[in-house]
Amino acid sequence: QVQLVESGGGLVQAGDSLRLSCAASGGSVSKYVMAWFRQAPGKEREFAAAINWSGVMTYYADSVKGRFTISRANAENTVTLQMNSLKLEDTAVYYCAAQGARYSSPTQGLSYDYWGQGTRVTVSS
């Protein structure tokens, strides 16, 4: 049973950078598509970024493209999200997710079976 734990969230100012980490335990995620989703207050959970098992293929929502970078270190069973040029609208709880048995698309939440507890990112002016 894979468990995911996010870390690195906090309070930052607009224009600043932040690096989120996701540590997996209980099993290897080296062959899983991994993703970051986020949920802002009063809004639905939305896709942010995903990465395939080898790290060669990445996917980004238009809202974060060019600012966020997803990466992974399979030997360490970790995934990171480097967030640059943060905006007020990036304020959200960020969740790490690991591929499920019925994977279909990297941008769909139903493609993932394992989720972390979330780490909160607050961007202020």
All pairs passing disulfide (SG to SG under 2.5 Å) where [range] contributes a residue, at least two apart:
| range | value |
| --- | --- |
| residues 58-89 | none |
| residues 56-113 | C22-C96 |
| residues 32-92 | none |
| residues 31-79 | none |

Without swapping roles, check the side chain of Q39 against the backbone of K43 for a donor-acceptor pair under 3.5 Å.
->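 Confirmed, Q39 side chain pairs with K43 backbone.
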With a 4.5 Å limit on heavy-atom distance, are the side chains of V12 and S124 in contact?
->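 Side chain of V12 against side chain of S124, heavy atoms only: no contact under 4.5 Å found.
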Under the rule for side chain to side chain contact (heavy atoms under 4.5 Å, CB included), what residues qualify as partners of [X], not counting sequence neighbours?
| X | answer |
| --- | --- |
| S54 | N52, V56 |
| V93 | Y95, R120 |
| D113 | A101 |

Under the side chain to side chain donor-acceptor pair (under 3.5 Å) test, which residues partner K65, sequence neighbours left out?
->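 Result, side chain to side chain donor-acceptor pair (under 3.5 Å) vs K65: D62.
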Taking only residues two or more places apart in sequence, or in another chain, which ones meet S30 in a side chain to side chain donor-acceptor pair (under 3.5 Å)?
->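 Partners of S30 under the side chain to side chain donor-acceptor pair (under 3.5 Å) test: S28.
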What's the verdict on side-chain contact (heavy atoms from CB on, under 4.5 Å) for L4 and M34, showing C-alpha distance, side-chain angles and the deciding distance?
-> CA-CA 11 Å; L4 305 175; M34 301 293 293; 4.2 Å; yes
Evaluation steps, side-chain contact (heavy atoms from CB on, under 4.5 Å), between L20 and T119 | CA-CA 8 Å; L20 306 183; T119 185; 4.0 Å; yes
Any link between [X] and [Y] through a network of hydrophobic side chains (Ile, Leu, Val, Met, Phe, Trp, Tyr) touching at under 4.5 Å?
| X | Y | answer |
| --- | --- | --- |
| V29 | I70 | yes |
| V5 | Y94 | no |
| V33 | I51 | no |
| V123 | M83 | yes |

Enumerate the residue pairs fulfilling ring-ring contact (aromatic ring centres under 6.0 Å, His included) with a member in residues 21-62, sequence neighbours excluded, ordered by first and then second residue.
->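 For residues 21-62, and leaving out neighbouring residues, the ring-ring contact (aromatic ring centres under 6.0 Å, His included) pairs sorted by first residue read F37-F47, F37-Y112, F37-W115.
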Only pairs at least two apart or in different chains count here, so list each side-chain hydrogen bond (donor to acceptor under 3.5 Å, both in side chains) that has a residue in residues 77-92.
->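 Pairs touching residues 77-92 that pass the test: S17-N84, R19-Q82, R38-D90, R67-D90, S71-T80, Q82-N84.
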Can you list every pair that meets side-chain hydrogen bond (donor to acceptor under 3.5 Å, both in side chains) and has a residue in residues 1-16, with sequence neighbours left out?
->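 Qualifying pairs, neighbours excluded: E6-Q117.
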Please name the pair of heavy atoms, one in S111 and one in S105, separated by the smallest distance, quoted to 0.1 Å.
->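 For S111 and S105, the tightest heavy-atom pair comes out as OG-O, 2.7 Å.
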